[in-house]
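On a predicted model such as this, the values are computed, not experimentally measured, just so you know.
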Amino acid sequence: MFEADNIREWRGQDVVDAEGHKIGALESVYVDTASDEPSFATVTVGIPMRHRLVFVPLHEAMVGPGYIKVTYPKSQVKDAPSIDPDGELPAEQEPEVFAHYGLEYVPGAGGERRLARR
């Protein structure tokens, strides 16, 4: 995993699946609001003029020279919940992102958001 201080340096780098298939380019990183650790990334996918951002967990992600390798297959990531390139993930859609990957969603103790973009 990469350190939170280095997140901005990885914007635009390729995101690949465990088999090395390119999924898209890293757009931004979302941290867990409880720990401030990187939790999800948004990846730019689609054809020119029809881009969208999909979410992928960063658990067990590895950084290589010019890429970030995630543990989820390209097909699953491309089918993940998405937002427009200039959009924002609504709080009520956070559980859908976690559910797509079979991950448990637990909001903050006061009901606050679980993800925050860096």
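- Within the structure, salt bridge (Lys or Arg N to Asp or Glu O under 4.0 Å) pairs that include any residue of residues 70-80 do not occur (at least two apart or interchain).
- Under the 30°/60° scheme for interplanar angles, the aromatic rings of F40 and Y101 are found to be tilted.
- Under the side-chain contact (heavy atoms from CB on, under 4.5 Å) criterion, A25 pairs with no residue at all, not counting sequence neighbours.
- The side-chain contact (heavy atoms from CB on, under 4.5 Å) test applied to K69 returns V16, Y67, not counting sequence neighbours.
- In terms of the side-chain contact (heavy atoms from CB on, under 4.5 Å) criterion, residue partners of P73 (sequence neighbours excluded) are, by chain and number, S75, Q76.
- Between V56 and I23, the closest side-chain pair of non-hydrogen atoms is not below 4.5 Å.
- Residue pairs meeting the salt bridge (Lys or Arg N to Asp or Glu O under 4.0 Å) criterion with at least one partner in residues 87-103, sequence neighbours excluded, are E94-R113.
- One finds the OG1 atom of T42 at 11.0 Å from the CG atom of L115 (value rounded to the nearest 0.5 Å).
- Separating the CG atom in D84 from the CZ atom in R52 is a distance of 10.5 Å, to the nearest 0.5 Å.
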Before you tell me yes or no, could you show the steps for L53 and T44 under side chain to side chain contact (heavy atoms under 4.5 Å, CB included), namely the whole-Å CA-CA distance, both residues' side-chain angles and the distance that decides it to 0.1 Å? CA-CA 5 Å; L53 300 175; T44 303; 3.3 Å; yes

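- Inter-residue side-chain proximity for F55 and I83 is flagged as met; some heavy-atom pair is nearer than 4.5 Å.
- Listed by first and then second residue, the salt bridge (Lys or Arg N to Asp or Glu O under 4.0 Å) pairs involving residues 13-27 are R11-E27, D14-K22 (not counting sequence neighbours).
- Partners of A116 by side-chain contact (heavy atoms from CB on, under 4.5 Å), not counting sequence neighbours, listed by chain and number: V31, T33.
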